[in-house]
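Single-structure report; data block below.
The basis for the numbers below is simple: all heavy atoms, side chains too, and nothing from hydrogens, waters or symmetry mates. So that the names make sense, note that chain A is the first sequence line, chain B the second, and so on, each numbered from 1.
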Amino acid sequence: MTDFDNLIIDSIGDLKRTHDCGALTLKDTGSEAVLMGWVNTRRDLGSLIFIDLRDRGGITQVVFDPLVSGEAHEKAQVLRNEWVVAVKGVVEKRLQENPDLSTGQIELKVSQVKILNRTETPPFQVDGAVDASETLRLKYRYLELRRPQVFSAFFKRHMIASSIRQYLNNEGFIEVETPFLTKSTPEGARDYLVPSRVNKGMCYALPQSPQLFKQLLMVAGFDRYYQIVRCFRDEDLRSDRQPEFTQVDLEMSFVDEEGVMAIFEGMMQKIFREILAHEVALPIKRISYHEAMDRFGTDRPDMRFGMEIKDVSDIAAKSDFKIFKGALESGGKVKAINVKNGGGYFSRKKIDELSSFVAGHGAKGLAWIKVTEDGWQSSLDKFFGPEDKALLVSRLESGPGDTILIAADREKVVNDALGALRIEVARRLDLIGGGYSFVWITRFPLLEYNETEKRLEAVHHPFTSPLEEDLQYLDDHPDKVRARAYDLVLNGAEIGGGSVRIHNTALQERIFRILGISQEEALIKFGFLLEALKYGAPPHAGMAIGFDRLVAIMAGVSSIREVIAFPKTTSATCLLTDAPSRVDEAQLRELGLRPDML
RNA sequence: GGGGGCGUAGUUCAGUUUGGUUAGAACGCCGGCCUGUCACGCCGGAGGUCGCGAGUUCGAGCCUCGUCGUCCCCGCCA
């Protein structure tokens, strides 16, 4: 055992760090340098000790040679991985270069070493070849963040934020902070509530987004606002959803959707160019919500690959296949995707797996056709005549070796199932190439009927302006009304969305009425907005992007937890701090809460 | 709220199919040797409530039930 208790920890003294561990090069040969950092690895050859010293800038090999300094060499014998040291010495060209290190041409011959801190044996190896479990990595998050490749994602995040601020500042936007302790709103996600001590029995809500405040800033004449801001939603988590997350939020006056979309296109082009040296081709293509649903079964299509969904209801109607006919007779659809050269992949077992996959999305089954030189290999073979077979194959642009997958059900279910299946199959067959595929989704429906609540809801949010040409349907066919809303989709992930807002009190009140929000309730919940709209509200529009999602895609990681310094688990706890936790009864009483309720 | 995966030395895993003597490996850790290593090498050593709790059994890491944690997905997320 190392005698930790008697080990002397040095003070930093008058040593000043001259470089970081990635900075020294051949040009520095012969000069003296002082480095400080963590022991990444140690190679003790007896009378010669090598240490790879690491800080956030990189790794430099330092050498302890008794011929240079016996004292330093003696001291270096106790060093272990992750100890914190300062070393002073002369930069020398290496006898043998290490091409794996950016500093691999040089090393530091140590004349003086200070042990600044030691470490307990870490729960996992910071410089480990194998990864520890995420549970452990989150509990000791500060150790994981010490890893160079993890740090690099956060550096990238910083650079992207910095680039966005620079861009928006140049475009005439000003950053304004809006309250975190604010008012609960009835629409949308579940709120995080904060009980008020001064006003017992009452609660603030943490904002789901600064939506209403930024609209008020437009009424105030701020003209162009932005904020890189934390938002809070008390909903279940996913790999791309955390209870607190960051938005790049902005709002503009005297513009329509074109003005907002142009700003974001410019922003994407700039950050992809500066951070990834990737050129985003402008303008970003646009498709309507309906087109997205028809072609991809989702409002966030991944357009890096084809395999689009085709409606084959008309052909299926002529077949004798009961399941198809049944679905069509009850108003449903029959749709299909064609998997190019899928024949080799789709064994009985794989098809069964995919059938249960679509079952998870509500579909009752999955029909399949293997197209061969000699015709169909399929249980559907006998239900279709030769002409209809040819028609179906040509509709799907299918050919020998391909496999056609078909679903029949209500249109929503078919779209859901095939939309998800399209992604699943592409993943399994590795059809999703690299690169970045942006698309705008426009003309969303304004309203949607919520089966559970038995009432109409805003698809986007209740402040979204309807398309003027659709206003005529507002009372009689509210489902036909389209919104002046737009989503930005990147590689199949919704990274942002926005809309032209309602700036007219009468229309806003009318929308609330259609949403079943009584005049009284609207006044209580949104009275301040309705009032503000009366005092010269300019036309305005805005948008917000999910910054964590954007950074995750740009950093090439699969979960936003990788780009959040201290993220929460899927049960919304923090393994590092152990939040949330019980609080003293006295604290609860002070808030007017009864301890027995918790 | 529902479905699925995982839980065994400090860490990552094997062992669970077919219950059976003392639960293994690699990395890490500790000690020794080594002057050009860079995943250094060589020799030796320590280290386990098999997530937790019940049950079945002569006997459970392995079978059953429950429970907790974590991850993925559906619902949910204007």
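- With ring centers used as reference points, A:Phe463 lies under 6.0 Å from A:Phe526.
- For A:Lys109 against B:G36, a side-chain-to-base donor-acceptor contact under 3.5 Å is present.
- Rounded to a whole angstrom, the distance from the C1' atom of B:G15 to that of B:G48 is 14 Å.
- No donor-acceptor distance shorter than 3.5 angstrom exists from the side chain of A:Gln215 to the backbone of A:His540, with no hydrogens or angles considered.
- Spacing between B:G31 and B:C68 at atom C1', rounded to whole Å, works out to 40 Å.
- Here the P atom of nucleotide B:G28 and the CG atom of A:Leu136 are 17 Å apart, to the nearest Å.
- At distances below 3.5 Å, not a single donor-acceptor pair connects side-chain atoms of A:Gln112 with backbone N or O atoms of A:Gly89.
- Under the Watson-Crick or G-U wobble criterion, with both distances below 3.5 Å, B:G28 has no partner in any strand shown.
- Side-chain atoms of A:Thr135 lie closest to B:U70 of the nucleotides B:G31, B:C77, B:U70.
- Considering only side-chain atoms of A:Arg94, the nucleotide from B:C38, B:U12, B:C76 that sits closest is B:C38.
- Rounded to whole Å, the separation between the C1' atoms of B:A23 and B:C72 comes to 31 Å.
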- Message: Show, in sequence, the C-alpha distance, side-chain angles and deciding distance for A:Tyr289 and A:Asp487, and conclude whether the side chain to side chain donor-acceptor pair (under 3.5 Å) test is met.
- Response: CA-CA 9 Å; A:Tyr289 170 84; A:Asp487 273 8; over 6 Å; no

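- With RNA chain B read from its 5' end, the first of the two nearest nucleotides for A:Asp100 and A:Thr569 is the one closest to A:Asp100.
- For A:Glu457 and A:Asn450, the side-chain atoms include at least one donor-acceptor pair closer than 3.5 Å.
- The minimum heavy-atom distance linking A:Leu136 with A:Pro123 is given by the pair CD2-O, 3.7 Å.
- Nucleotides B:A14 and B:C77 are separated by 39 Å at their P atoms, to the nearest Å.
- In terms of polar N and O atoms assigned as donor or acceptor, the side chain of A:Arg43 never comes within less than 3.5 Å of the base of B:C34 in a complementary pairing.
- Ring-base stacking between A:Phe124 and B:U11 is not satisfied when judged by a centre separation under 5.5 Å and a plane angle under 30°.
- Within the 4.0 angstrom heavy-atom criterion, base atoms lie near A:Gln96.
- When the nearest nucleotides of RNA chain B are assigned to A:Glu92 and A:Thr570 by heavy-atom distance, the more 5′-ward of the two goes with A:Glu92.
- A:Pro123 comes within 4.0 angstrom of the backbone, heavy atoms only, and of no base.
- A:Ser239 comes within 4.0 angstrom of the backbone, heavy atoms only, and of no base.
- Within 4.0 Å of A:Arg137, counting heavy atoms only, lies no atom of the nucleic acid at all.
- No hydrogens or angles were tested; on distance alone, nothing pairs the side chain of A:Arg42 with the base of B:C40 as donor and acceptor under 3.5 Å.
- Of the nucleotides present, none pairs with B:U17 by Watson-Crick or G-U wobble criteria with both distances under 3.5 Å.
- Taking the P atom of each, B:A60 and B:G51 are spaced 15 Å apart, rounded to whole Å.
- Side-chain proximity of A:Asn98 to the nucleotides B:G28, B:C38, B:G36 is greatest for B:C38.
- Side chain of A:Glu235, nearest nucleotide from B:U70, B:C77, B:G36: B:C77.
- At a threshold of 4.0 angstrom between heavy atoms, the contacts of A:Leu67 include nucleobase atoms, whether or not backbone atoms are also involved.
- Nucleic acid contact for A:Ser47: base, since at least one base atom lies under 4.0 Å from a heavy atom of the residue.
- Straight-line distance between the P atoms of B:C33 and B:U17: roughly 48 Å, to the nearest whole Å.
- Side-chain contact between A:Asp65 and A:Lys109 is present, with at least one heavy-atom pair separated by less than 4.5 Å.
- No more than 12 heavy-atom neighbours from other residues, nucleotides or ligands sit within 6.0 angstrom of NZ on A:Lys139.
- Using a 4.0 Å heavy-atom cutoff across all strands shown, A:Val459 reaches sugar-phosphate atoms only and no base atom.
- Between the NE2 atom of A:His73 and the P atom of B:C34 there is a distance of 11 Å, given to the nearest Å.
- Listed candidates were B:C27, B:C40, B:G1. Nearest to the side chain of A:Gln125 is B:C27.
- Pair assignment for B:C63: B:G55, on the basis of Watson-Crick or G-U wobble contacts that are both within less than 3.5 Å.
- Base pairing analysis places B:G7 opposite B:C68; the two distances defining the Watson-Crick or G-U wobble pair are each below 3.5 Å.
- For B:G36, the base has no donor-acceptor partner in the side chain of A:Asp65 [N/O atoms by modelled type, under 3.5 angstrom].
- On the C1' atoms, B:A46 is 11 Å away from B:A9, given to the nearest whole Å.
- Taking the side chain of A:Thr121 as heavy atoms from C-beta on, and the options B:G28, B:C40, B:C71, the nearest nucleotide is B:G28.
- Residue contacts for A:Asp44: at a heavy-atom cut-off of 4.0 Å it reaches a base atom on one of the strands shown.
- The closest donor-acceptor contact from the side chain of A:Thr103 to the backbone of A:Leu24 lies at 3.5 Å or more, if one exists at all.
- The nucleotide B:U22 finds no pairing partner, because no Watson-Crick or G-U wobble arrangement with both distances shorter than 3.5 Å includes it.
- Side-chain proximity of A:Arg241 to the nucleotides B:C27, B:C77, B:C73 is greatest for B:C77.
- Distance A:Leu237 CG to B:G69 C1': 15 Å, rounded to the nearest Å.
- B:A46: no Watson-Crick or G-U partner with both key distances under 3.5 Å is found in any strand.
- Distances were taken from every side-chain heavy atom of A:Leu48 (C-beta onward) to each of B:C72, B:C38, B:U35; the shortest belongs to B:U35.
- Spacing between B:G61 and B:U22 at atom P, rounded to whole Å, works out to 11 Å.
- Among the heavy atoms of the strands lying under 4.0 Å from A:Glu107 is at least one base atom, whether or not backbone atoms are also near.
- Residue side chain A:Arg80 does not reach the base of B:G28 through any donor-acceptor N/O pair under 3.5 Å, judged by distance alone.
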